[in-house]
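Notes to accompany the following structure.
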Amino acid sequence: VNSTHNTQAPMCFTLLHPNLTHPQPQNTSILLNLDYTECDSTGSRWRVAIPLNPGECTGLPEPVQGLDCTFSCKAGEFLEMSAQECTRCAAGTYSLGSGLRFDEWDDIPPGFSSLAANPANAPNGQNVAKWVAQGLYLESNRDECTVSLIYTVHLKKPGSVSFDYQYVDNSIFFEFFIQNDQCQEMDQDSNKKWIKLTTHGEWGTHIVNLNSGTNILYWRTTRVTLGSKAVKPVVLKNIRIEGVAYTSECFPCKPGTFSRAPGSSSCEPCPRDTYSGRGASSCTPCNSKTHFASEGSATCKSRPPCSEKDYIQTYSTCDKDGKTQVIYKWVEPQICLEAAAGAVTLPPSGQREPCPPCNPGFYNNDTATCSPCPPGTYSDGVKACKPCPAGTEPVLGYEYKWWNVLPANMKTSCFNVANNNCDGLNGWEAAGNHVQSGAGRSDNDYLILTLTVPGFKLPVSVRGVSGSEYGRVTFEFETSCSSDCEFYFMADVNRRSTNVIESWDGIKTKQSYTHIITENSSVAFTWAFQRTSQASDVRQYVNDMVKIYSVTVTNAMDGVASACRACALQSQQAGSSCVPCPAGHYIDKETNHCQECPPNTVLSGHLIYGKEACQPCGPGSKSNKEHSVCFSDCSFTYTGRVRTLLYDFSALTSAGSIMNGPSFTAKGTKYYHLFNISLCGAEGHKAAVCRDNVTNLPNEDAGGGQQGSSVEAFLCQSTIIPSDGRGLRTALSSQSISLADTFQGATVEKSLNGITARPELFPSASKRIPDIHFFYRSSQVTTSCQRGRNAVVSLRCNPEKTAKGDISVPSECPAGTCDGCTFHFLWESSSACPRCSAVDYHAIEGACKAGVQDTVFVWTEPRLCTGGLTIPLKRTSPCEAIDFWLKVGAGLAVFCAILLISLTCYFWKKNKKLEFKYSKLVMSANKECELPVADSCAIMEGEGDENEEEEVVYANKSSLLAKLKAVATKVKEQKQLVKVFF
């Protein structure tokens, strides 16, 4: 049943698997099927006859007591219903006894169904996703639908289900779970439900136990594509179910396979250049002169004429004279015809030329074979091995840059998803100054190169150094492609799970890549190249290739030395041996003794020779006791032009988190980004942990413990797929990455060590209290971030927030980054305010009452400080009070003073007026009376009379003071008259 309904949740199916039966001939002409009834409560049943043609219900055999319900035959046998006995399968057929096997995928087998659910935000009408049969395997959908492959089986006894799979793309979530007939999910461990990733070119096998009764099996894929790379679908094959009651017939071998003997439990693939049809007991050879067949073929194919795509160029191995030459050879196995019309021939071999030198750390000793230098010696690959001088030790590792042959610890292989036909081919070929991808058999082959490192061994001098780096792998490569080629670099630590470290697609110019190893374990590094993901019988891209020029691994346990380095000596005596320096110590160049690094400095990696190896920590940071990491101790001091601010971030010691979004993929899948930030404290321990609960599941190690899948850093990111809208029962967390593994420092400046904060991305801050920027860096480079990722966390004082505060990302860049390499965060908290000091409050004095005066202290608003000094309590002090009558007297005195001032002003003004009038009279008299004659005098007297009248009138109206003033005026006038007469 194929279901393509547009639904948001999986549908429950119950398809009971029937007991396999076949017609049983009887003495009558009626064709019958012999089958069992359902088991009763006692576990017994009956064998009954069922006519194939309806209506033929007479002359049927009587029911017979059947075998026990739990009865089953062995593998290679089937239950013959007439006699109810187990019978061996004939040649050309096979049986699992009590099991089922699905290994042919030309179509979806009966009983399987495919159910798709669109993303919650996707448009309707697009629900066409399903699992697709590809002949030898079953392939999941490539779009962003959630698609379930469902099969229901009824087991009479406990059994199991197993299947082989390829799962290489962590943008797909692949889960397998089981439900009962009530659509209730059976209890399962997470490492049984979520399928582990596999290496490119590796098949994984998953086995789960089944209970008796109805089991509904779900294989479900959920794709979430956050980038633009093409998705790699999940591939299934060889589904096996054990625990069915019985098998009443044997299964014929599928085309391309055979079983030569009766009683077979499986079929074998036909050898190369042979073929077979369905149910074959042997394989038929092809005409090798004109036809060929790959392993497991159902037909023979004509051999094409040889072309340039059928041979490759390589180098011969060094001969005894130390010479090599370019040679051409046919791609193996050779399927083309050299004698056919239009066929090409192999080009002639090149001239003999000197072999490349040995790789550093090896020597040839005048032979054609390079051998590793003995322990304690070194060589550049040209000169003979020499012992390291006194006071030095060899620098162990691999440095492969000449490729006459592959090194002993490197293996190459070829893998094809559809079959294993290229297993015998070399996936990579040595080519002098580089190693290159081989031809393979088809363009969609995975060409694999693997380097195995058993472990890492630090130099003696640095074995006491605490740090997260145990070694590095660096390789230089380039790709040349005309199709959708892809180049992968992967690592498998302790054979737990192979993870893709980085991948490149299309043409890439010559470049180098470095990966840091942070765990001292055995590691298998794998390089895989695929020309195209599209399968085709015709070779089109055989000239597409990748070249690796050099591979360098430091501190490899079984490595060789190309140089020696100074080491710390136990004493100054001659022949003194190297000793490890304690953590945080460097080697003094003059004495070769261990010296502790100065305070607040860290050792730069494992290069500890000389005091310059101790690198100072950035501003606002300090080093731990081992001088292995710089961190913030949650305290900070900023000295401005006006005051010094002291900060205490102790409340922010635990990791902070922010989940931004939601965001949506191009197909409408909703996802979030979860960021965890470890700001300060913990002696530099990286408290931010991002876990992956889907694509990299834990494995039980040899000790029975759990190796969890998590990323520890100062700042990390996970992609969260919510459970709503995709039929998921829990949120998924995957694609965890480290955004910051080193702390650069904290400062109010906008830039530090090439990292720039962007405060304009956030709302403006207070001018009184500056933001404090914490700068971080991740040394792990990526394709898009050649210098690694950076992060800036800006702490802002906000009294309205809690002590833990809130974290936000820029509104312009909701993913936290605007360029994909530098991340910006704003952490607002009351704990980000400086410690309170005396300048943050002021005093207010009250009135003096009863000889007592109160002084209270209040915070200056807005209050932008926390902790520190507490505000002083109310202060009471004595004051002097004034007597009431003294107050009254003082009031009267003030009143009188004001009155006198007013009178003085009044009389001064009056006096000025009278002086003016008198001055006018005098001036008039001087003009009219030049000599003392009567007329003149008369006139003056007349004028005087007028004045008198005026004076009299004035006197009548004036007060006593005015009269006194008038008398004084008359006396003055008489004196003037006397002067005139004389």
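Starting from 1, each residue takes its place in the sequence as its number.
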### Query
After noting the C-alpha distance and the side-chain angles of Glu612 and Lys589, does the key distance pass the salt bridge (charged side-chain N to carboxylate O under 4.0 Å, His left out) rule?
CA-CA 10 Å; Glu612 59 271 17; Lys589 290 184 177 180; 2.5 Å; yes
### Query
Can you tell me if Lys804 and Ser654 form a side-chain donor-acceptor pair at under 3.5 Å?
yes
### Task
Test side-chain contact (heavy atoms from CB on, under 4.5 Å) on Asn555 and Tyr470 and set out the steps.
CA-CA 7 Å; Asn555 302 330; Tyr470 286 91; over 6 Å; no
### Task
Classify the ring geometry between Phe825 and Phe823 as parallel (under 30°), tilted (30 to 60°) or perpendicular (over 60°).
parallel
### Cystine candidate Cys833-Cys865, SG separation under 2.5 Å
no
### Message
Any non-hydrogen side-chain atom of Gln744 less than 4.5 Å from a side-chain atom of Ile755?
### Response
yes
### Message
Can a side-chain donor-acceptor contact be found between Ser837 and Arg643 if the only test is distance below 3.5 angstrom?
### Response
yes
### Message
Checking side-chain polar atoms at under 3.5 Å, does Ser738 have a donor or acceptor matched by the opposite partner on Asp741?
### Response
no
### Task
Nearest 0.5 Å please: distance from the NZ atom of Lys686 over to the OG atom of Ser678.
10.0 Å
### Message
Tell me if the centroids of the rings in Phe636 and Tyr638 come within less than 6.0 Å of each other.
### Response
no
### Query
So Phe714 and Tyr776, would you call those rings parallel, tilted or perpendicular, with 30° and 60° as cut-offs?
tilted
### Query
Short question: side chain of Thr719, backbone of His673 - any donor-acceptor pair under 3.5 Å?
no
